[in-house]
Amino acid sequence: MKFKVNDKEVFASTGGQPFDKNKPLIIFVHGSGLSHVTWVLQTRFFAYNGYSVLALDLPGHGKSDGPALTSIADMAEWLSGFIDTAGLKEATLVGHSQGCLITMECAARYPNKVKSLGLVGGAAQIPMNKTLLEAAEKNDPLAFELMMSWAHGPSGHFGGHPVPGLSHIGVGRMLLKTGPEGTLAVDFRACDNYKNGFEAAKKIKCPTINILGDKDRMCPVKEGKKLADSIKSSEIAIIENCGHMILLEEADKALAILKKFIRNHHPSK
């Protein structure tokens, strides 16, 4: 489905069902260099079980017009504008990695628009490794290799994909390589520059779930817990033997946690 925000075309997947403004809305926000594709399992479940879902392609990502936005603050403002453009008053926001920074900044700025908040593989700050950042800024394929290797836990490295013959790292690498050139570097720099996470967390008023992987090396569990401790109405769910790419590595477990949380705090009609 396509929308217009600031005269730019934005693509959002509806999970295979028509978008219905009369149903409670869940907006999914992807991580650095990725797209709506990472949310396939989660969006299809909720779309077929009483919710309207919009898995966004951020500006300059996937099928959305560019350019990519250069700061988390700008992305949060853009997300608020998207909610207005969609003609809705409130939504549950679910973000992964960089998407966590965006959604919690949006929730802090516009509490009346956010019913509940799901943070998957999040932390208050996501400082970038210098080598990884430099490789991304040179558009060196090494950036894709490093990111996918570093982002996956044991199951991602040694099999475990539900589809025989596919690898988690291979699929992730493909998603990154198909994105517009330079987008990963812009996202990494935005994450590295963002320092407002704990201040934003203190302003969040809605129920929040923090889904963490115990083998996450990009946003370690201890950092996820620090973020959760800063949010007043916050829960923590830790998935064992899982890295940073939680929604792909342990898609079923992540979905089960989201199902319970969202149904409790933003029930379908």
Side-chain angles (χ1 to χ4, degrees), residues 15 26-34 36-46 49 51 53 55 92-104 116-126 147-163 166-173 175-176 191 197 201 204 206-231 233-266:
I26 309 172
I27 296 176
F28 294 85
V29 183
H30 60 77
S32 297
L34 299 171
H36 72 277
V37 175
T38 55
W39 297 107
V40 169
L41 178 67
Q42 294 82 10
T43 53
R44 286 189 66 83
F45 172 82
F46 286 107
N49 286 275
Y51 292 86
V53 303
T92 285
L93 304 182
V94 181
H96 170 244
S97 192
Q98 174 183 275
C100 294
L101 303 182
I102 299 167
T103 55
M104 70 179 187
S116 57
L117 185 61
L119 304 177
V120 184
Q125 297 179 344
I126 308 179
M147 178 179 171
M148 283 299 112
S149 178
W150 193 247
H152 282 83
S155 63
H157 280 272
F158 299 107
H161 199 287
V163 179
L166 294 183
S167 77
H168 287 288
I169 291 178
V171 171
R173 188 188 301 123
L175 290 175
L176 288 174
C191 289
I204 294 173
C206 63
T208 303
I209 184 76
N210 297 266
I211 304 176
L212 309 173
D214 71 339
K215 298 296 190 295
D216 190 337
R217 294 180 291 181
M218 297 193 81
C219 293
V221 167
K222 65 177 182 179
E223 297 302 325
K225 287 181 176 179
K226 288 179 184 177
L227 173 60
D229 288 343
S230 300
I231 299 173
S233 301
S234 184
E235 305 173 32
I236 297 175
I238 299 175
I239 300 178
E240 296 182 357
N241 203 40
C242 184
H244 186 63
M245 297 300 291
I246 298 167
L247 65 167
L248 298 178
E249 288 183 78
E250 294 291 354
D252 289 331
K253 292 180 181 179
L255 175 58
I257 295 167
L258 283 173
K259 280 171 17 180
K260 181 179 179 181
F261 173 78
I262 292 175
R263 283 172 165 172
N264 283 342
H265 298 289
H266 196 178

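Quick caveat: nothing in here was measured; it's all calculated off a predicted structure.
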Residues forming a side-chain contact (heavy atoms from CB on, under 4.5 Å) with [X], sequence neighbours excluded:
{"X": "D229", "answer": "none"}
{"X": "K260", "answer": "N264"}
{"X": "S97", "answer": "I126, H244"}

Interatomic distance, [X] atom [atom1] to [Y] atom [atom2] [nearest 0.5 angstrom]:
{"X": "I236", "Y": "I257", "atom1": "CD1", "atom2": "CD1", "result": "12.0 Å"}
{"X": "D216", "Y": "I238", "atom1": "CG", "atom2": "CD1", "result": "11.0 Å"}
{"X": "E223", "Y": "L212", "atom1": "CD", "atom2": "CG", "result": "11.0 Å"}
{"X": "K226", "Y": "Q125", "atom1": "NZ", "atom2": "CD", "result": "9.5 Å"}
{"X": "H96", "Y": "L248", "atom1": "NE2", "atom2": "CG", "result": "7.5 Å"}
{"X": "L93", "Y": "S116", "atom1": "CG", "atom2": "OG", "result": "8.0 Å"}

Between [X] and [Y], which heavy-atom pair has the shortest distance, and what is it?
{"X": "G122", "Y": "C219", "result": "O-CB, 4.0 Å"}
{"X": "T43", "Y": "A55", "result": "CG2-CB, 3.6 Å"}
{"X": "C191", "Y": "L101", "result": "SG-CD1, 4.1 Å"}
{"X": "R263", "Y": "Y51", "result": "CA-OH, 3.7 Å"}
{"X": "A201", "Y": "L227", "result": "CB-CD1, 3.8 Å"}
{"X": "C206", "Y": "L117", "result": "SG-CB, 3.8 Å"}

Verify the distance criterion only: is there a donor paired with an acceptor across the side chains of T92 and H266 at less than 3.5 Å?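 Side chains of T92 and H266: pair found under 3.5 Å.
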For D214 and N241, indicate whether the former's side chain and the latter's backbone hold a donor-acceptor pair under 3.5 Å.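 Yes, because the side chain of D214 sits within donor-acceptor range (under 3.5 Å) of the backbone of N241.
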Test item: E249 side-chain N/O and M245 main-chain N/O as donor-acceptor pair under 3.5 Å: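 Indeed, once roles are kept as given, a pair shorter than 3.5 Å links the two residues.
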Residue pair [X] / [Y], side-chain heavy-atom distance below 4.5 Å:
{"X": "I26", "Y": "L258", "result": "no"}
{"X": "K259", "Y": "N49", "result": "no"}
{"X": "L247", "Y": "L41", "result": "no"}

Plane angle bin for F46 and F28 - parallel if under 30°, tilted between 30 and 60°, otherwise perpendicular: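 Plane angle between 30° and 60°, so tilted.
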If the condition is ring pair (Phe, Tyr, Trp, His ring centres under 6.0 Å), which residues does H265 pass it with, not counting sequence neighbours?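 Ring pair (Phe, Tyr, Trp, His ring centres under 6.0 Å) check on H265 returns F261.
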For side-chain contact (heavy atoms from CB on, under 4.5 Å), just list the numbers for Q42 and V94, CA-CA rounded to whole Å, side-chain angles, deciding distance to a tenth of an Å, and then say yes or no. CA-CA 10 Å; Q42 294 82 10; V94 181; over 6 Å; no
Among residues at least two apart in sequence or on other chains, which ones pass side-chain hydrogen bond (donor to acceptor under 3.5 Å, both in side chains) with S230?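 Per chain and number, S230 pairs via side-chain hydrogen bond (donor to acceptor under 3.5 Å, both in side chains) with no residue.
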Any residue meeting side-chain hydrogen bond (donor to acceptor under 3.5 Å, both in side chains) with K225, in chain and number order, not counting sequence neighbours: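 side-chain hydrogen bond (donor to acceptor under 3.5 Å, both in side chains) list for K225, sorted by chain: empty.
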Does the pair T208 and L119 meet the rule for a side-chain contact (heavy atoms from CB on, under 4.5 Å), with working shown? CA-CA 7 Å; T208 303; L119 304 177; 3.9 Å; yes
